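Here the structure is laid out as structure tokens; the discussion comes afterwards.
Position 1 is the first residue of the sequence; numbering continues from there. Quick caveat, the model's predicted, so the values are computed rather than measured.
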Amino acid sequence: MLSTQGLENWAVEFIQADGEKRSVREGFATQGDAEYFGQCTWAGPNGRGIEEVRVRQLPRGNWQAVSPASVCGGIRL
């Protein structure tokens, strides 16, 4: 049986170029997982119009900016 104690809970926020539309995905086990998801989404076809990606540890962590990726999943973008 796996324990959920000690697992982190991270969220990713996508901010559109117009600054109005934001979306948040939660449930990432580590900061690295959250950043990787954010970078790959931003760099992929679904990333059009995204101006900024940020991550934070839930429930009250500060938002931290994520840099755009040049490589995602071993594929150079």
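Residues satisfying the side chain to side chain contact (heavy atoms under 4.5 Å, CB included) criterion with Asn62, sequence neighbours excluded, are absent altogether. For Asn9, the side chain to side chain contact (heavy atoms under 4.5 Å, CB included) criterion is met by Leu58, not counting sequence neighbours.
Contact record, Trp10 with Ala34: CB-CB, 3.8 Å, taken as the closest heavy-atom pair. The shortest non-hydrogen separation linking Ala11 to Val24 is CB-CG1, 4.0 Å.
Of the candidates Arg56, Gln31, Gln57, Gln64 forms a side-chain hydrogen bond (donor to acceptor under 3.5 Å, both in side chains) with just one, namely Gln31.
Among residues at least two apart or in separate chains, there is no salt bridge (charged side-chain N to carboxylate O under 4.0 Å, His left out) pair with a member in residues 25-38.
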Contacts under 3.5 angstrom, residues 41-54 side chains, donor-acceptor by atom type, not counting sequence neighbours:
unit_1 : atom_1 : unit_2 : atom_2 : d
Thr41  : OG1    : Phe37  : O      : 2.8
Trp42  : NE1    : Ile50  : O      : 3.1
Arg54  : NE     : Glu13  : OE1    : 2.9
Arg54  : NH2    : Glu13  : OE1    : 2.5

